Amino acid sequence: MSKKKKDWKNEKERLLRLDREERRKEYRRQDFISLDKIPSWREENRPNDKEEGKELTGGGGPSDKVSLYKGDITVLEVDAIVNAANSSLLGGGGVDGCIHKAAGSCLYDECHSLNGCETGKAKITCGYDLPAKYVIHTVGPVARGHVGPTETNDLTSCYQNSLRLMKEHDLSTVAFPCISTGIYGFPNEPAAEIALNTVKSWIEENSDKITRVIFCVFLETDFAIYKKKMSVIFPDNEMEVTEEQLTGDNASPSKKSTTKEESEDSNRVMECVLGQ
Ligand SMILES: NC(=O)c1ccc[n+]([C@H]2O[C@H](COP(=O)([O-])OP(=O)(O)OC[C@H]3O[C@@H](n4cnc5c(N)ncnc54)[C@H](O)[C@@H]3O)[C@@H](O)[C@H]2O)c1
């Protein structure tokens, strides 16, 4: 007997009324990661503060409000995860494919009602079977390796419009993938610069509105790039920022992913999409 197809509107209303414990029973994946398992950038760089019971002198500074996490965005238990969608909003591959697969068919049905999304803009839906309450769908620029003013402005707008939706919906924890850096071909380093600087500026103007922004990277290459750049863009007050970091060290990111590693990562993406 096939399962009765759920009506997305009723399902959304029902799910958004549940408290966290009740919601947890509905997650498609029970191996979800709760926020308390993800250290802030400051905690990660000053683990002793926590052990020594030191008050975080940062007191909610930008480095207390961001995290770097390497893995699958669909397991993160946050208010919203951001989807690197295409203009149809009707799913596809990569992180978009993984999110749709993990959220279930109601996500497609609600996205279908939104009539697409322009590049740089963002729209919000329920998260359905995901641990995330909401999904913010944004459409990055198709860069194909070229970064000009248009691509830069469009990618900046993706982060700004996603954060604007967070604020409008009183949401305070969000995870971003590396928007446009996969099939849309935005070079990883400039994309990371845009992501980190746009988020930092927004946090400085809205620090009372946000608890955590998680940069969720999937590839080793991006992990190394974000780690290097975050130590400069989100320096801890007491943390030394070396001259080399300030001037942009010549060394390549600490660990370039090997083609084998990248292909393993893309295999994992395909597994998540194909559900193997
Ligand atoms: N990559 C593909 O094979 C593929 C195929 C068709 C469509 N798409 C998608 O690509 C277009 C958007 O391009 P894009 O470069 O913005 O997105 P993307 O191609 O999904 O890549 C964006 C980033 O997300 C990373 N990523 C992949 N899976 C996950 C995951 N589970 N958790 C966290 N991060 C992950 C990926 O490694 C990359 O760094 C849309 O059409 C969308 O449907 C991707």
Side-chain angles (χ1 to χ4, degrees), residues 28-29 31-33 38 67-78 80-103 107-108 111-112 114 116-123 127 129-132 135-147 151-152 154-159 161-162 174-192 194-196 213-227 253 256-257 259 261-276:
R28 188 175 291 231
R29 295 271 300 263
D31 58 342
F32 60 89
I33 309 276
I38 303 176
S67 297
L68 177 59
Y69 175 83
K70 182 173 183 287
D72 179 0
I73 200 167
T74 66
V75 303
L76 299 182
E77 189 183 51
V78 288
I81 58 172
V82 177
N83 180 22
N86 56 57
S87 55
S88 74
L89 292 187
L90 298 180
V95 68
D96 190 11
C98 292
I99 289 174
H100 274 270
K101 176 161 182 48
L107 180 63
Y108 176 90
C111 284
H112 193 269
L114 296 176
C117 183
E118 291 170 40
T119 299
K121 298 285 193 301
K123 292 190 177 179
D129 298 352
L130 285 163
V135 180
I136 292 174
H137 307 263
T138 191
V139 180
V142 180
R144 293 200 191 89
H146 167 74
V147 182
E151 291 76 19
T152 299
D154 285 343
L155 188 59
T156 303
S157 298
C158 286
Y159 287 90
N161 284 320
S162 298
V174 62
F176 283 98
C178 302
I179 300 166
S180 269
T181 64
I183 205 162
Y184 279 3
F186 204 109
N188 300 63
E189 291 242 14
I194 290 167
L196 293 168
V213 178
I214 299 169
F215 296 103
C216 178
V217 299
F218 204 63
L219 304 177
E220 186 56 42
T221 315
D222 286 315
F223 183 72
I225 290 169
Y226 271 77
K227 203 164 168 63
K256 265 228 174 291
S257 72
T259 42
E261 207 144 18
E262 294 243 334
S263 61
E264 272 168 12
D265 275 328
S266 52
N267 289 342
R268 269 203 292 277
V269 175
M270 291 321 288
E271 272 166 26
C272 113
V273 172
L274 300 174
Q276 281 156 12

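Counting starts at 1 for both ligands and their atoms, in listed order. Keep in mind it's a predicted model, so treat the numbers as computed, not measured. Nothing fancy with the numbering, it's 1 onward along the sequence.
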- Message: I'd like the name of whichever of V139, N86, I183 reaches closest to atom 5 (C) of ligand 1 through any heavy atom.
- Response: I183
- Message: Quick check: closest heavy atoms across Y226 and A195, and the distance to 0.1 Å?
- Response: OH-CB, 3.5 Å
- Measuring from the heavy atoms of S180, does anything fall under 4.0 Å of ligand 1? yes
- Message: Distance under 4.0 Å to a non-hydrogen atom of A84: what atoms of ligand 1 satisfy this?
- Response: 12 (C), 16 (O), 17 (O), 42 (C)
- Query: Atoms of ligand 1 less than 4.0 Å from C178 heavy atoms?
  - Reply: 22 (C), 23 (C), 39 (O)
- Item | Proximal atoms of ligand 1 relative to C98 (non-hydrogen, under 4.0 Å) | 31 (N)
- L219, portion touching ligand 1 at heavy-atom distance under 4.0 Å: side chain
- If you look at every heavy atom in C216 and D72, which pair is closest and at what distance? SG-C, 4.3 Å
- Where does F218 meet ligand 1, judged by heavy-atom distances below 4.0 Å: at the side chain, the backbone, both, or neither? side chain
- Plane angle bin for F215 and F176 - parallel if under 30°, tilted between 30 and 60°, otherwise perpendicular: parallel
- Task: Work out which heavy atom in A85 is nearest to a heavy atom in H137; give both atom names and the distance.
- Result: CB-CB, 4.3 Å
- Main-chain N/O of K121 paired with T138 side-chain donor or acceptor, under 3.5 Å: yes
- Item | Contact with ligand 1 for G71, non-hydrogen, under 4.0 angstrom | yes
- Query: What are the two closest non-hydrogen atoms of C158 and S162, and how far apart are they?
  - Reply: O-OG, 2.7 Å
- Hey, does the side chain of T181 reach the backbone of N188 with a donor-acceptor pair shorter than 3.5 angstrom? no
- Any atoms of ligand 1 less than 4.0 Å from a non-hydrogen atom of D96? List them with their elements. 42 (C), 43 (O)
- In ligand 1, which numbered atoms sit nearer than 4.0 Å to a non-hydrogen atom of G92? 43 (O)
- Who's closest to atom 28 (N) of ligand 1 heavy-atom-wise, of I73, L90, V95? V95
- Item | Atom indices of ligand 1, in the order listed, that fall short of 4.0 Å to a heavy atom of D72 | 30 (C), 31 (N), 32 (N)
- Heavy-atom distance to atom 1 (N) of ligand 1: which of G140, C158, G94 wins? G94
- Nearest heavy-atom contact between I81 and L76 is CG2-O, 4.4 Å
- Message: If the cut-off is 4.0 Å to any non-hydrogen atom of D222, which atoms of ligand 1 fall inside it?
- Response: 39 (O)
- Task: Please check if the side chain of K123 supplies one atom and the backbone of C117 the other of a donor-acceptor pair under 3.5 Å.
- Result: no
- Query: Mind checking whether V75 and Y69 have side chains closer than 4.5 Å, heavy atoms only?
  - Reply: yes
- Purely on distance, is any nitrogen or oxygen of G185 under 3.5 Å from one on ligand 1? no
- Query: Are T181 and ligand 1 in contact, using a heavy-atom cut-off of under 4.0 Å?
  - Reply: yes
